[in-house]
Amino acid sequence: MKARLIMLLCACSSAYAEPWSPPPVIDNSVYPERSNAPKPASADSMLELMGRMDQMQAEVRQLTGKVEEQGYQIIELQKHQKTMYSDFDERMQAFENKSSTGAESFQESTPSTESGAAANAAPAQAADAAAAPAPAPAPAPAPAPAPAAAAPAPAPESSVPASTAGDEKQQYQQAYESLRNGQTDQSIAAFNALLSQYPRGEFAGNAQYWLGEAYKVKQDINSSRNAFKLVIDNYPGSAKVPDALLKLGFIEYEQKNWSKAREYLTRVTNDFPDSTAAQLATRRLFQMDEAKH
C-alpha cells in the first residue's frame with residue numbers, strides 16, 4: 001500500500017514538473033525606445049504649440065478683417081467728403097461766374113443810363129436855347145438860357161439808387177467772401193444783416209441761398225432747410241431757385257426722407273430741365289433708383 005502511494009506521488013511530481021520551469025530571460029536592450037520616457041511629453045508640447053499658433057493665426061485674421069473694414073469706411077467717408085466739397089465748389093464757381101457777369105452788366109448799364117440821361121438833357125437844353133431867343137430879339141434875354149444850363153441839378157437824386165445798390169453789392173461780396181474763407185458765423189451774420197436791410201434788393205435771393213449753405217456747413221439742418229425754402233417762397237424769380245430745390249432734395253436724401261427727396265429732385269428736373277442743378281438731380285435720382293434694385 002505504501003509502495004503504491006509513493007509511486008503515485010512520483011507520477012504526480014513528474015507530471016507537474018514542466019510548468020514550474022523558470023521563465024525565459026528577455027533582453028530589453030533590443031527595445032531602446034522604451035527607455036525614452038520624455039517622448040510623450042514632447043509630443044504634447046508640440047500639439048500645444050500648434051494649437052496656440054492656430055489661435056494666433058485666427059486672431060491675426062480677425063484683426064486684419066477689422067483693419068480692412070475700417071480702411072473701407074475711411075475710403076467711403078473720403079469719397080463722400082470729396083463729393084460734397086466738389087459740389088460746393090461747383091456751386092461757388094457757377095455763382096462767381098454769374099456774379100461777375102451781373103456786376104459787369106450792372107457797371108455797363110449805369111454809364112449808359114447816365115449817358116442816355118445826359119444825351120436827353122442835351123437836346124432839351126438845345127431846344128430851350130433855340131426857343132428862348134425867338135420871342136426876344138433884344139440882347140437882354142441872352143442871360144435867360146443860363147438857368148437851362150443848370151438843368152443837371154437833379155443828378156444827385158439819380159445817384160442815390162446807384163449808391164444804395166453799391167452798398168448792397170459791397171455787403172453781399174463781403175458776406176460771400178467770409179463764407180468762402182471759412183468764416184461761417186461771420187457770413188451768417190452778414191447775410192442776415194443784408195436781408196434785413198435789403199429784403200427786396202438785387203442780391204437778396206442769392207444772399208438767402210448762401211445763408212442756407214452757411215447753415216448747412218454748420219450742420220444746422222433745420223435752419224438750412226428753412227433758408228432754402230425761403231428762396232423758393234420769397235424769391236420765385238431768382239436764378240438760385242433750382243439750386244435751392246436741389247439742396248432741399250439733398251438734405252432730405254441725407255435725412256433718409258426718400259419720398260420728399262424725390263419730390264424736390266423731380267421738381268428740379270421738370271421745372272428747370274436745362275440747368276446744372278437738373279443734371280445733378282438726375283444723377284441723384286438715378287442713384288436712388290439703383291439702390292432700389
Side-chain angles (χ1 to χ4, degrees), residues 33-96 178-188 209-210 212-228 242-269 276-293:
E33 64 277 4
R34 294 184 179 177
S35 61
N36 265 336
K39 281 198 172 178
S42 62
D44 294 338
S45 299
M46 290 295 294
L47 291 174
E48 184 178 358
L49 288 174
M50 291 177 64
R52 290 182 180 179
M53 289 180 62
D54 292 339
Q55 184 179 0
M56 291 177 65
Q57 289 177 356
E59 292 176 356
V60 169
R61 285 194 296 269
Q62 185 179 3
L63 291 174
T64 304
K66 289 182 178 180
V67 170
E68 291 177 353
E69 182 180 358
Q70 291 178 356
Y72 175 78
Q73 291 177 355
I74 291 173
I75 292 173
E76 289 298 319
L77 288 174
Q78 290 175 348
K79 288 181 181 179
H80 178 71
Q81 186 177 14
K82 184 178 179 181
T83 302
M84 182 180 67
Y85 280 111
S86 63
D87 178 63
F88 183 75
D89 290 339
E90 288 176 1
R91 301 274 71 75
M92 286 285 195
Q93 290 175 3
F95 169 74
E96 288 176 358
S178 298
L179 176 61
R180 188 178 180 184
N181 294 330
Q183 300 172 347
T184 310
D185 293 333
Q186 183 175 346
S187 69
I188 290 174
Y209 171 82
W210 290 114
E213 288 283 9
Y215 281 127
K216 194 170 188 296
V217 171
K218 287 181 64 66
Q219 297 298 316
D220 189 349
I221 302 301
N222 291 331
S223 298
S224 178
R225 183 189 287 114
N226 293 333
F228 287 132
D243 294 330
L245 285 169
L246 177 69
K247 289 308 175 70
L248 284 171
F250 283 174
I251 289 175
E252 301 300 339
Y253 179 86
E254 293 170 359
Q255 298 298 314
K256 298 182 179 180
N257 299 326
W258 312 120
S259 59
K260 200 68 176 177
R262 185 176 293 275
E263 177 184 347
Y264 282 124
L265 296 174
T266 305
R267 184 175 172 184
V268 177
T269 57
T276 305
Q279 298 177 3
L280 296 174
T282 303
R283 294 178 189 174
R284 185 55 58 90
L285 287 171
F286 179 76
Q287 293 176 358
M288 294 175 67
D289 293 336
E290 287 292 320
K292 283 186 176 181
H293 302 291

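Any value given below was found using the heavy atoms of this structure, including those in side chains, with hydrogens, waters and symmetry copies removed. Throughout, numbering of the chain's residues begins at 1 and tracks the sequence. Just so you know, these numbers come straight off a predicted model, no measurement behind them.
- Distance check: Ile251 CD1 to Lys260 NZ gives 12.5 Å after rounding to the nearest 0.5 Å.
- Taken from CG in Asn257 to CD in Glu263, the straight-line distance is 11.0 Å, to the nearest 0.5 Å.
- Here the straight-line distance linking atom CG of Asp243 with atom CZ of Phe250 works out to 10.0 Å at 0.5 Å rounding.
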Inset, instruction - Just do the salt bridge (Lys or Arg N to Asp or Glu O under 4.0 Å) check on Glu213 and Lys216 with the steps written out, would you? - result: CA-CA 5 Å; Glu213 288 283 9; Lys216 194 170 188 296; over 6 Å; no
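- To the nearest 0.5 Å, atom CE of residue Met46 and atom CE of residue Met50 are 7.0 Å apart.
- For the pair Ser187 and Ala214, the tightest heavy-atom approach, listed with the atom from each and the gap, is OG-CB, 3.9 Å.
- Thr64 pairs by the side chain to side chain contact (heavy atoms under 4.5 Å, CB included) definition with Val60, Glu68, not counting sequence neighbours.
- With sequence neighbours left out, the side-chain hydrogen bond (donor to acceptor under 3.5 Å, both in side chains) criterion links Asp185 to Lys218.
- Between the CZ atom of Arg284 and the CG atom of Leu265 there is a distance of 7.5 Å, given to the nearest 0.5 Å.
- In this structure, the side chain to side chain contact (heavy atoms under 4.5 Å, CB included) partners of Gln186, at least two apart in sequence or on a different chain, are Ser178, Gln183.
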Extract all donor-acceptor atom pairs below 3.5 Å that involve side chains of residues 220-228 and protein atoms in other chains or at least two apart in sequence.
residue: Asp220; atom: OD1; partner: Ser223; partner atom: N; Å: 3.4
residue: Asp220; atom: OD1; partner: Ser223; partner atom: OG; Å: 3.2
residue: Asp220; atom: OD2; partner: Ser223; partner atom: OG; Å: 2.8
residue: Asn222; atom: OD1; partner: Arg225; partner atom: NH1; Å: 3.1
residue: Ser224; atom: OG; partner: Gly212; partner atom: O; Å: 2.9
residue: Arg225; atom: NE; partner: Glu252; partner atom: OE2; Å: 2.9
residue: Asn226; atom: ND2; partner: Asn222; partner atom: O; Å: 3.2

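- Not a single ring pair (Phe, Tyr, Trp, His ring centres under 6.0 Å) links Tyr215 to another residue, sequence neighbours left out.
- Of the inter-residue distances, the one linking Trp210 atom CH2 with Leu179 atom CG reads 7.0 Å to the nearest 0.5 angstrom.
- When the side-chain hydrogen bond (donor to acceptor under 3.5 Å, both in side chains) test is applied to Gln57, no partner is found at least two apart in sequence or on another chain.
- Across all their heavy atoms, Ala278 and Thr269 have their closest contact at O-CG2, 3.7 Å.
- Residues satisfying the side chain to side chain contact (heavy atoms under 4.5 Å, CB included) criterion with Arg262, sequence neighbours excluded, are Thr266, Leu285, Met288, Asp289, Lys292.
- Shown here for Tyr264 and Leu245, the closest heavy-atom pair between the two residues is CB-O, 3.7 Å.
- Every pair passing salt bridge (Lys or Arg N to Asp or Glu O under 4.0 Å) that includes a residue from residues 52-61 is listed here, sequence neighbours excluded: Glu48-Arg52.
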